[in-house]
**Q** 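Please find one structure pasted underneath; my questions will follow.
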Amino acid sequence: MAPGTLYLHIGLHKTGTTFLQNVLRANRDELRRQGLEYPGGPGVPVQALAVWDLQGRRPRGVDDGRIAGSWRALVDHLGASSSPRALVSVERLSVSTPRQARAVVDAFPDSEVHVIVTARDIARVAVSAWQEDIKNDNAWTWQEFADSITDPARAAQNPARGFWMRQDLPRVCAVWETVVPIERLHVVTVPPPGADPGLLLQRLCSVIGVDAASLTERPAWANETVGVAGTEVLRQVNTRLEGRLNQRQYDRAVKRVLVHLMARRTGPERFGLPADRMEWATAWTDATIKTLEARGYPVIGDLDELRPCDPAGVRRPDDASRDEVLDAALDALSLLVEEHATTLWSRRKPDTVRADARAGGASWARGVAFRSQRRAAALADRNALVARVAGVVLRHRYRTESRAGRRADEERGAG
């Protein structure tokens, strides 16, 4: 039987969705114990791929055989679940057309469908969305991006088209309002900067009927922020790649390796919407809040949290100096070299050619002696006292070698 209640967390993009999904994934067993099915794991359809299938989406430049049929498989999996409630969380659902939204709801005719929309202030979203675009093989500058999304005349062209498809909160709500009653369309606001990240989880859990405090299995925090300089490095890499990689190649090499490695070297950095864009952000937010209040959607949090914060004390997203960019690029290069070398080494074939086994004992002893000398030399590089002892040993060795050389010369002269 289908779940009695189905919750659709549809995003929006860049509203803490990855954090929420990681926590839910890590606590899947506990969610089931509380009567909520959160699909995933071995042998279970991937939620994101199922939504791609529903919307006809395919990765650029490659045929991904995992996608076709995955929407039907997800529907069947939920239908076979014994849990009374289920949750699907895929931000790609936020770009659904009215027809696609209807198809989702119609796939669960026996379920009471609720839609959850997480929303964040447009100032933080705009900067995060630009950086996410760069991590997805785009190369427009911040200035080009900002000029585009703030100009209504460019709404049909990227980057504005992609941005507003994902971030026009009133439009997204209006689409899903055509398939679920207003009282079942929940707007969850993302807390302001500095708030406890667990507060967003609590707000989501209050809608889906789960005790947030019971979700104790927290995934390791994956900081995928590469900072101002790192973003510029990626942008210039994308410019040089010129789209030669298909989407899966790019995701594997850049998003899953390079970005991950660069994030490890990126410390906390405050950057945000420049002051020259705040008037636009404030005007858009005022209009959005007015629309949401007029429609009467249930709000978990506070719509005032959507208002842009004062940008004082934050860096522009594109003000990295040439020295910062160079340092970030060299960091990225060194990390990639290390990653490539260690990966190759872990996959190397075992040595099959062996020297004469009869020399094994003596050879082994020489190897032990050499490794001991190498360890001693490395210790001397770090310790002044050991270095002095090593100096005495080396001077004795040089004197011994010199005397041996003189004797050899004398013997050759005598001969």
**Q** Can you list the residues that meet the salt bridge (charged side-chain N to carboxylate O under 4.0 Å, His left out) rule with Glu37, with sequence neighbours excluded?
**A**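 Partners of Glu37 by the salt bridge (charged side-chain N to carboxylate O under 4.0 Å, His left out) criterion, ordered by chain and then number, come out as Arg32.
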**Q** Can a salt bridge be assigned to the pair Arg264 and Glu338 using a cut-off of 4.0 Å between side-chain N and carboxylate O?
**A**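 Salt bridge: no.
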**Q** Are side-chain N/O atoms of Tyr38 and Gln21 paired as donor and acceptor at under 3.5 Å?
**A**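 No.
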**Q** In terms of side-chain geometry, is the basic nitrogen of Arg235 or Glu232 positioned less than 4.0 Å from the acidic oxygen of its partner?
**A**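 Salt bridge present between Arg235 and Glu232.
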**Q** Of Leu20, Leu185, Leu204, which is the lone residue that meets side-chain contact (heavy atoms from CB on, under 4.5 Å) with Ile116?
**A**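 One option only clears the test, and that one is Leu204.
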**Q** I need the single residue from Asp286, Asp302, Asp121 that forms a salt bridge (charged side-chain N to carboxylate O under 4.0 Å, His left out) with Arg307. Which is it?
**A**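 Among Asp286, Asp302, Asp121, the one that satisfies the salt bridge (charged side-chain N to carboxylate O under 4.0 Å, His left out) with Arg307 is Asp286.
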**Q** Can you see whether Ser96 engages Gln55 through a side-chain donor-acceptor pair at a distance of less than 3.5 angstrom?
**A**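 Present: a donor and an acceptor within the cut-off.
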**Q** Should Arg60 and Asp137 count as an ion pair when the cut-off is N to O under 4.0 Å?
**A**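 A salt bridge links Arg60 with Asp137.
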**Q** Using distance alone, with no hydrogens and no angle criterion, decide if Thr189 and Arg203 have a side-chain donor and acceptor under 3.5 Å apart.
**A**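 Yes, Arg203 and Thr189 have a side-chain donor paired with an acceptor closer than 3.5 Å.
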**Q** So, do Val44 and Pro42 sit near enough that their side-chain heavy atoms are less than 4.5 Å apart?
**A**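 In short, these two side chains do not touch, never coming nearer than 4.5 Å.
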**Q** Indicate whether any N or O donor in one side chain lies under 3.5 Å from an N or O acceptor in the other, for Thr118 and His9.
**A**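 Present: a donor and an acceptor within the cut-off.
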**Q** Is the Lys NZ or Arg CZ of Arg277 less than 6.0 Å from the centre of Trp280's six-membered ring, within 45° of the axis?
**A**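 No, Arg277 and Trp280 do not form such a contact.
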**Q** Tell me, do Asp331 and Met262 make a side-chain contact under 4.5 Å, heavy atoms counted?
**A**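 The answer is no, as the side chains (C-beta and beyond) never meet within the 4.5 Å cut-off.
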**Q** Taking the side chain as everything from C-beta on, heavy atoms only, tell me whether Ser94 gets closer than 4.5 Å to His13.
**A**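 Yes, at least one pair of side-chain atoms sits under 4.5 Å.
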